[in-house]
Structures are given as structure tokens and as C-alpha cells.
There are 2 protein chains.
Amino acid sequence: MTKPAPLSLDQLQVLLSVAEAGSFAGAARRLNRATSAVSYAVDTLESQLGIALFDRGTTRRAKLSTAGEAVVAEAKSVAYSAQMLRARVKGLREGLETEVSVVVDAMFPSERLVEALKNFHVRFPTVPLRLKLEALGEIERSLRSGTAVIGIGGSVHMKSEGLRSIQLAGVQLVPVAAPGHPLAPGGRAKPGAPREHLQLILTEQSATDRRDFGVVSVNVWRLGDLASKHALLLAGIGWGGMPEPMVRADVDAGRLVRLQMPDWRGGVYPLQVAHKNDSPPGPAGQWLIECLIAQDDALARF
Amino acid sequence: MTKPAPLSLDQLQVLLSVAEAGSFAGAARRLNRATSAVSYAVDTLESQLGIALFDRGTTRRAKLSTAGEAVVAEAKSVAYSAQMLRARVKGLREGLETEVSVVVDAMFPSERLVEALKNFHVRFPTVPLRLKLEALGEIERSLRSGTAVIGIGGSVHMKSEGLRSIQLAGVQLVPVAAPGHPLAPGGRAKPGAPREHLQLILTEQSATDRRDFGVVSVNVWRLGDLASKHALLLAGIGWGGMPEPMVRADVDAGRLVRLQMPDWRGGVYPLQVAHKNDSPPGPAGQWLIECLIAQDDALARF
DNA sequence: CAAGCTTGTTCAGAATTTTAGATATGACGA
DNA sequence: TCGTCATATCTAAAATTCTGAACAAGCTTG
């Protein structure tokens with residue numbers, strides 16, 4: 001027998017008003033109701049909960065009991081989530097989407113992402129976000145399959161049919177290795193011969209579309225995600241290209257060193273933000289895209 | 001004009017039932033109500049929110065709209081906090097206190113505290129906890145002033161009038177310093193002469209009751225909290241006694257070394273758990289105390 | 001210390017909301 | 001095409017909640 005007691009939001013709202021106003025009559029005025037209605041609501045609430053919320057013994061003033069204080073605290077939490085519901089519904093009524101799902105290339109600098117998402121949450125507190133970090137072609141795939149509505153990734157991997165994409169500032173790719181590595185400045189390898197050393201490159205699992213980005217060496221390890229590549233580089237295993245913002249701290253701290261490679265043509269990893277043409281993002285998603293572009297412009301100013 | 005629309009918990013509950021059952025009729029059966037009542041509740045909810053929760057266009061089946069899905073998610077959150085309120089009230093009805101406030105001596109091993117509090121939260125999920133970390137006499141003071149109901153601290157500092165206290169296993173106090181320190185084994189100081197080196201000791205701000213615990217040196221710094229002492233020791237400034245569990249990791253990692261001191265008589269810092277006689281803790285607090293004691297017994301078994 | 005004001009409770013009737021049950025209608029499957 | 005199942009709609013009845021007034025018990029003020 002599920003009998004969760006017929007609590008009502010209104011009762012809780014009345015309780016909160018009384019607690020805030022400090023008196024039944026005050027709450028009644030604030031709620032535009034008769035005092036007796038307030039009294040009645042509190043009464044039924046008390047009997048439904050089975051505990052006294054107010055100290056009625058001595059004085060006639062509305063003084064919360066200790067139990068009452070506790071219930072008020074809980075009631076606030078209930079009222080808050082109800083308020084969230086209303087806010088969310090308000091957004092939906094105004095055409096906001098129910099959620100925004102984003103796939104991001106692991107190359108995309110996380111500070112820029114975090115910054116954009118922070119703004120997004122301020123602007124659209126009621127719209128939940130779904131975030132996936134993927135690499136290379138997986139971004140386009142998520143976009144096409146509808147798993148995500150917005151994709152941020154390398155433009156090489158976006159065939160444009162059916163997708164609308166906007167260019168963003170790319171990230172600088174720099175060749176790095178651990179300080180002890182032979183290719184490192186001051187290392188014992190002669191310059192111009194990086195081909196002979198183990199290169200770590202990013203690839204993807206899927207059999208199709210296996211072109212790689214910036215392969216120089218013969219001796220190559222293919223890694224499925226950028227974090228693993230990062231970890232191996234830090235451990236001193238091989239060398240490889242990394243997005244500059246991601247290794248800046250490591251280079252500054254001396255955990256990695258930037259390699260001098262004349263024949264390195266990795267240059268800039270181009271980035272763009274894209275969405276499907278036939279299911280464009282709603283207002284919130286649109287806003288997020290524009291936020292990323294604006295961020296881009298601001299960066300370009302330096 | 002605050003007009004938050006007269007949502008009711010019951011409406012949301014009905015919505016959740018429908019979403020779960022997959023049909024109005026099914027939800028009606030589950031709720032022991034007529035189908036028309038369910039239909040009515042959903043109808044009014046939809047009109048109050050101003051959006052369609054179900055796709056009624058083509059088929060007659062109860063299919064949530066995308067907006068409906070979003071609202072269901074929010075409704076779940078509201079229902080959850082309402083459930084929390086009910087659970088809390090149930091506890092209060094059974095005599096649970098509205099919260100348990102604890103002051104703990106900084107010397108008390110944090111693993112033991114965390115362990116006990118974890119169990120506490122499993123056993124009493126609805127009872128909020130208020131925790132303060134203090135040192136020495138401040139514990140007794142909090143207890144007496146009523147700021148906290150349960151105190152865990154060194155027994156030297158508990159004058160027993162009006163307080164009921166139970167002995168716990170104490171913590172071993174060991175003299176430590178950074179590896180480079182002259183007193184360290186292999187250091188250049190001759191043993192038996194620690195008095196000449198800077199000792200860090202714990203003390204308290206208050207002018208009254210300024211006795212210190214285990215003072216050996218002449219050259220002394222008095223610190224207000226154990227964390228600062230810990231930090232200074234790690235930084236290689238002075239030596240001092242520390243609770244063994246708190247520096248075990250540091251000693252194992254070589255960041256601190258244990259000093260050999262024949263005339264060190266700090267030994268064991270005794271601990272006890274106490275509460276005021278005239279306002280004993282409620283069932284939850286009582287349980288926490290017993291949990292600490294039981295933990296003690298379990299430790300003694302090794 | 002008593003009058004005057006405010007506050008909380010109680011009660012009866014009224015207004016509102018919610019329910020059950022019957023009926024209509026669309027969707028689905030045999 | 002028919003029978004079954006599910007939802008929407010309607011009406012009357014049932015339940016809940018509101019108001020307004022009467023009353024009792026502080027608190028304030030003169």
C-alpha cells in the first residue's frame with residue numbers, strides 16, 4: 001500500500017510564508033488569504049506529518065518548534081526544486097530545447113570549453129548539458145547519428161554534406177617529448193632525423209577512414225585517446241605532436257620539452273563548430289555556438 | 001504579484017505514475033483511482049504549466065513529448081525532496097534529534113572520524129551533521145556552551161563536572177622532524193640534546209588555561225592549530241610531537257622522520273568522547289558515540 | 001490596570017477542486 | 001469488419017479548502 005500522505009506544495013508554501021513572516025496573520029496578508037485559511041493549512045499539515053510544527057503551549061505567537069525548524073529546512077528544499085521545475089517549464093515554453101548535447105574533440109583547449117560552458121550555465125541555468133569528449137571522426141559520427149547536436153572538432157574530419165560548420169581558431173600543434181629524450185634539445189640525436197624515433201600519434205579504432213594526422217616517423221604507436229598519449233609522453237616514451245595549450249604547463253614546468261623539427265609541418269590543428277542541417281540546435285545551443293565564436297574573436301584581438 | 005501557479009505534489013505524482021506505467025489506465029490502476037481522475041490531473045497540470053506533456057496528435061497512446069520527458073525529470077527531483085521531507089519527519093516522530101553537532105580534537109585520527117561518520121550517514125540518512133574541528137580546551141567550551149552536543153578530545157582538558165565522558169583509545173604521539181633536521185637520525189646533533197632546538201607545540205589563544213602538553217625544549221613556538229604545525233614540520237622548521245596516524249604517510253614517504261628521544265615522555269594522547277549531562281544527545285548522537293566506542297574495541301583486537 | 005489592538009483558533013456555510021462512472025471516439029489486431 | 005483496449009469528455013456527487021465572523025488570549029499603551 002503506497003500511501004505517501006497527501007502532502008501538498010501549497011501547504012509547504014504556507015509553512016514557509018509563516019516561518020518567514022513570523023506570524024500566521026502576516027503570512028495570510030502576504031498570500032492574500034484569510035488568516036483562518038493559513039491556520040487550517042498548518043493544522044492539516046501538522047496532522048498529516050504527525051508532529052507539532054509550532055510551540056503553541058505558552059504564548060500565542062507563532063514560534064517554530066525545533067522539529068518545525070527542521071521541517072522548514074526540508075520544505076525549502078522541496079520548494080526550491082519545484083521552483084526549478086517551473087523555471088525549466090518557462091524555458092521550454094519559450095522554445096528552449098530540453099537539453100544541449102555536445103561532442104568535443106579532445107584537442108579543443110579545455111579552458112575555452114570550460115569558459116564557454118560556465119557562461120552557458122549562467123545564461124541557461126535550466127538547460128541540462130550532455131558532454132562527450134571524443135577524437136577525430138567520432139565527432140562527425142555522433143553528429144550525424146543524432147547523439148549530439150553540436151560538435152566541436154577538427155575540420156579535416158567533417159565532410160560537409162548535411163552539416164553546417166563554422167570555423168574557429170585552431171590550436172597550435174607542437175612536437176614534444178620528455179626532457180630525457182634523445183630528440184630533446186641537448187639530446188644526443190642529430191637533428192633532422194626524427195623519423196627513426198618512436199612517434200606517438202592519435203588514431204581511431206574504426207577500420208574505415210584510417211588516415212593519420214601529421215605522421216613523420218616510420219616507427220609509430222597509434223593511440224586511441226589524447227590522454228593516453230599525454231601520459232606516455234610524460235613517461236618518456238616516444239615523442240609526438242600535442243596541442244600547445246595542453247602541454248604548456250608541462251613545458252613550463254620542465255616535464256616536457258618542445259622539439260626543434262624543421263620538417264614538422266603539423267602546424268595548426270583547425271577547429272570548427274558544427275551541427276546537422278536538418279536538426280539545428282535550439283536557442284540555447286545556438287547561443288553556445290555564438291559564445292564560442294565570440295570567444296574566438298576575443299582571442300584574436302591579442 | 002507572486003503567482004507561482006498552484007502546482008501540487010499530487011499532480012506530479014500522477015505524472016510520474018503515468019510515465020512509469022506507460023498509460024493513463026495503468027497509472028489509474030496503480031493509484032487506485034478512476035482513469036478520468038488521472039486524465040483530469042494531467043490535463044490541469046498541462047494547462048497550469050502551459051505546455052503539452054504528451055503527444056496526443058496521432059495516436060491515442062500515452063507518449064511523453066520531449067518537453068514531457070524534461071518535466072518528468074524535474075518532477076522526479078521534486079518527488080525525491082518531498083520523500084526526504086517525509087523521511088526526516090518520520091525520524092523526528094520517532095524521537096530523532098534535528099541535528100547532531102560534534103566538536104572533534106584535531107588530534108583525533110581523521111580515518112576513524114570519517115569511518116564513524118560514514119556509518120552514521122548510512123544509519124541516519126535524514127539527520128544533518130554539524131562538525132567542528134578544534135583543539136584542546138575549545139572542545140570543552142563548545143560542549144558547555146551548547147554549540148556542540150558531542151565532543152571528542154583529550155581527556156586532560158575535560159573537567160568532569162556536568163560532563164559525562166567515556167574513554168577511547170588514545171593516539172600515539174611521536175616526535176618528528178623533516179629529514180634534513182639536525183635532530184634526525186644521521187643528523188649532526190648529538191643525541192640527548194633536543195632541548196636546544198626549536199620545538200613546535202600546540203597551544204590555544206585563550207589567556208586562561210595555558211598549560212602545554214609535552215614541552216621539552218626551551219626554544220619554543222606555540223601554534224594555534226595542528227595543521228600549521230604539520231606544515232611547518234614538513235617545511236623543515238623545528239621539531240615536534242605529532243599524532244602517529246597523521247604523520248604515518250609522511251614518515252613512510254620520507255617527508256618526515258621519527259626522532260629518537262630518550263627523554264620523550266609524550267607517549268599517548270588520551271582521547272574521550274563526552275557530552276553534557278543535562279542535555280544528552282538523542283538517539284542518533286547516542287548511536288554515534290557507541291559507534292566510536294565499538295570502533296575502539298575493534299581496534300583493540302589487533 | 002484597563003482599554004485597544006493584534007493574533008490564533010474555531011465554526012458553519014460557501015466556493016472550489018477532485019472524483020467516479022457512464023459514454024463517446026480513435027487506434028490496433030485478428 | 002468487428003472486438004478490444006485506451007483516452008477524452010461530461011455530469012453529478014464527494015471531498016477539500018476558503019471565507020468571514022465570533023471568540024479567546026496575548027501585547028501595548030495610556
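All of these numbers come straight from a predicted model, not from anything done at the bench. Throughout, a chain's letter reflects where its sequence line sits, starting with A, and its residues are numbered from 1.
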Is it the case that the side chain of [X] and the backbone of [Y] share a donor-acceptor pair, with hydrogens and angles ignored and the cut-off at 3.5 Å?
X	Y	value
B:Ser145	B:Arg141	yes
B:Arg164	B:Pro280	no
A:Glu134	A:Val104	no

If you draw a 6.0 Å radius around CZ in B:Arg93, do more than 12 non-hydrogen atoms from other residues or ligands fall strictly inside?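 Buried by this count: over 12 neighbours within 6.0 Å.
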
Please check if atom NZ in B:Lys76 has more than 12 non-hydrogen atoms from other residues, nucleotides or ligands closer than 6.0 Å.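 Counting other residues, nucleotides and ligands, NZ of B:Lys76 stays at 12 neighbours or fewer.
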
Rounded distance in Å - [atom1] ([X]) to [atom2] ([N]):
X	N	atom1	atom2	result
B:Gln48	C:dT17	CD	C1'	11 Å
B:Lys63	C:dC28	NZ	P	14 Å
B:Glu46	D:dT9	CD	C1'	15 Å
A:Asp55	C:dT7	CG	P	19 Å

What N/O pairs connect the protein and nucleotides 19-22 of chain C at under 3.5 Å? Give each pair on its own line.
| from | atom 1 | to | atom 2 | distance (Å) |
| --- | --- | --- | --- | --- |
| C:dT19 | OP1 | B:Arg33 | NH1 | 2.4 |
| C:dA20 | OP2 | B:Ala34 | N | 2.5 |
| C:dA20 | N7 | B:Ser36 | OG | 2.8 |
| C:dG21 | O6 | B:Ser36 | OG | 3.0 |

Could I get the full list of side-chain contact (heavy atoms from CB on, under 4.5 Å) partners for A:Gln11, not counting sequence neighbours?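 side-chain contact (heavy atoms from CB on, under 4.5 Å) list for A:Gln11, sorted by chain: A:Leu7, A:Ser8, A:Thr44, A:Leu45, A:Gln48.
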
Can you sort out which residues in residues 66-76 of chain A have a heavy atom within less than 4.0 Å of DNA chain C? Ascending by number, please.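 Residues of residues 66-76 of chain A that come under 4.0 Å of DNA chain C do not exist, since none gets that close.
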
Using a strict 4.0 Å threshold on nitrogen-to-oxygen distance, state whether B:Glu140 and B:Lys276 make a salt bridge.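 Between B:Lys276 and B:Glu140 there is no salt bridge, as every charged N stays at least 4.0 Å from the carboxylate O atoms.
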
Please verify the inter-ring angle class for B:Trp287 with B:Phe120; under 30° counts as parallel, over 60° as perpendicular, anything in between as tilted.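 Tilted: the ring planes of B:Trp287 and B:Phe120 meet at 30° to 60°.
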
Hey, can you pull the donor-acceptor pairs under 3.5 Å for the side chains in residues 65-75 of chain B, sequence neighbours left out?
| from | atom 1 | to | atom 2 | distance (Å) |
| --- | --- | --- | --- | --- |
| B:Ser65 | OG | B:Ala52 | O | 3.0 |
| B:Ser65 | OG | B:Leu53 | O | 3.1 |
| B:Ser65 | OG | B:Gly68 | N | 2.9 |
| B:Glu74 | OE2 | A:Arg88 | NH1 | 2.8 |

Residues in salt bridge (charged side-chain N to carboxylate O under 4.0 Å, His left out) with B:Glu20, at least two apart?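 Applying salt bridge (charged side-chain N to carboxylate O under 4.0 Å, His left out) to B:Glu20 gives B:Arg30.
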
Looking at five pairs on each end of the helix from C:dC1-D:dG30 to C:dA30-D:dT1, what is the angle between the two axes, given to 10 degrees?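 Computed from the C1' atoms at both ends, the axes differ by 30°.
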
